[in-house]
**Q** 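Questions regarding the structure given below will be posed in turn.
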Amino acid sequence: MKQRQHRPADTVIVLDFETSGLSPGMGDRVIEVGAVRVEAGSITGRFQSLMNPGIRVSEFIEDYTGITNRMLQAAPSCRTVMAGFADFINDHHLVAHNASFDQRFLDAECQRIRRRYAGAFACSMLAARRVYPDAPNHKLGTLVAYNRLPTSGTFHRALADAEMTAHLWLGMLRDIRERYGIRHIAFSLMQELTRVPKAAVGRFMRQRG
DNA sequence: TGCCAGGCCCTCTTTAGGGCCTT
């Protein structure tokens, strides 16, 4: 019997950045990157590094992330780390929680080192608003608790948040499969889902089930 | 000079405003 082959296009990189603030346009920089490679429903690779942005981060960011200016002074440069991260991403599709935030920083940091990435982004927060409309809110930590997903107990560090986002993503794929009987959920379907009006999600999914 | 994110999404909307979510 011929075994069903996993499609390479199913591989996604789930990423999370810790940053010096909210806006690269205002001069904020990435200070830590964490990411996992998800293939055929499992985490098969990890990438994590602090990076020295060449600027001091605020006390708020030190408290929020636990990443201190002393730690950043000892870290490799953004240029070095981002070059390695661009290799890790390769041409895979990308997932992040509130992806527009991470995409802005990825674009800005890649532009600085003149690297490009070919994959498209999907947002786990926009998907979760549609898959779990009854959750108390759609913060990453709340969704992890709401769905009783695995967690290391660490929050607001890049690799820990990326791993939780990966479990959230895989959990949504499982729940959509069970709820709507869709056997293969392509990345493009998840992207489309995040653009469907919330009131039309059931009809959209049943049309594809 | 002083200020500064930005996109999604809901509603007491659409000639707008404000909460959510990310650091």
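Letters go in sequence order (proteins before strands), and every chain restarts at 1. Remember, predicted model here, so these are calculated numbers, not experimental data.
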**Q** In terms of relative ring orientation, are A/Y117 and A/F121 parallel, tilted or perpendicular, with 30° and 60° separating the classes?
**A** perpendicular
**Q** Please state how far atom CG in A/N98 lies from atom C1' in B/dA5, giving the value in whole angstrom units.
**A** 11 Å
**Q** Between B/dT14 and B/dC10, how far apart are the C1' atoms? Round to whole Å, please.
**A**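 My reading of the C1' atoms in B/dC10 and B/dT14 gives 13 Å.
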**Q** Among residues 116-144 of chain A, which ones have heavy-atom contacts with DNA chain B below 4.0 Å?
**A**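 Those residues are A/M125, A/L126, A/R129, A/R130, A/N137, A/H138, A/K139, A/L140.
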**Q** Once you round it to whole Å, what is the distance between C1' of B/dT22 and CZ of A/R104?
**A** 8 Å
**Q** To the nearest 0.5 Å, how far apart are CZ in A/R177 and CE in A/M205?
**A**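 A/R177 CZ to A/M205 CE: 11.5 Å, rounded to 0.5 Å.
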**Q** Using the C1' atom in both, what is the distance from B/dT23 to B/dA5, to the nearest Å?
**A** 11 Å
**Q** What's the CD1-C1' distance between A/I61 and B/dA5, to the nearest Å?
**A** 13 Å
**Q** For nucleotides B/dT15 and B/dG2, find the distance between their C1' atoms and express it as a whole number of Å.
**A**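 Result for the C1' pair: 29 Å, nearest Å.
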**Q** When rounded to the nearest Å, what value does the distance between C1' atoms of B/dT13 and B/dC9 take?
**A** 12 Å
**Q** Which atom pair, heavy atoms only, marks the closest approach of A/I31 to A/P53?
**A** CG2-CG, 3.8 Å
**Q** In whole Å, what is the span from the CD atom of A/Q103 to the P atom of B/dC8?
**A** 11 Å
**Q** Looking only at the side chain of A/K198 (C-beta and beyond, no hydrogens), which of the listed nucleotides B/dC9, B/dA5, B/dC21 gets closest?
**A** B/dC9
**Q** Taking the C1' atom of each, how far is B/dG17 from B/dC12, in whole Å?
**A** 11 Å
**Q** Measuring from the side chain of A/H97 (C-beta onward, heavy atoms only), which nucleotide among B/dC9, B/dT23, B/dC21 has the closest atom?
**A** B/dC21
**Q** Quick check: closest heavy atoms across A/E109 and A/V30, and the distance to 0.1 Å?
**A** OE2-N, 3.2 Å
**Q** In whole Å, I'd like the distance from the CZ atom of A/F60 to the P atom of B/dT22.
**A** 12 Å
**Q** A/E39 versus A/D10: any side-chain heavy-atom pair under 4.5 Å?
**A**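 Not touching, per the 4.5 Å side-chain cut-off.
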**Q** Given atom NE2 of A/H156 and atom P of B/dC21, what is their separation to the nearest angstrom?
**A** 13 Å
**Q** Separation of A/D28 atom CG from B/dT23 atom C1', in whole Å?
**A** 8 Å
**Q** Given atom CD of A/E32 and atom P of B/dT22, what is their separation to the nearest angstrom?
**A**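 Result: 16 Å.
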**Q** I want to verify a distance call: between B/dG6, B/dC10, B/dT23, whose nearest atom is closest to the A/S100 side chain?
**A**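 Output: B/dG6.
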**Q** Would you say A/Q111 and A/D107 make side-chain contact, with heavy atoms under 4.5 Å?
**A** no
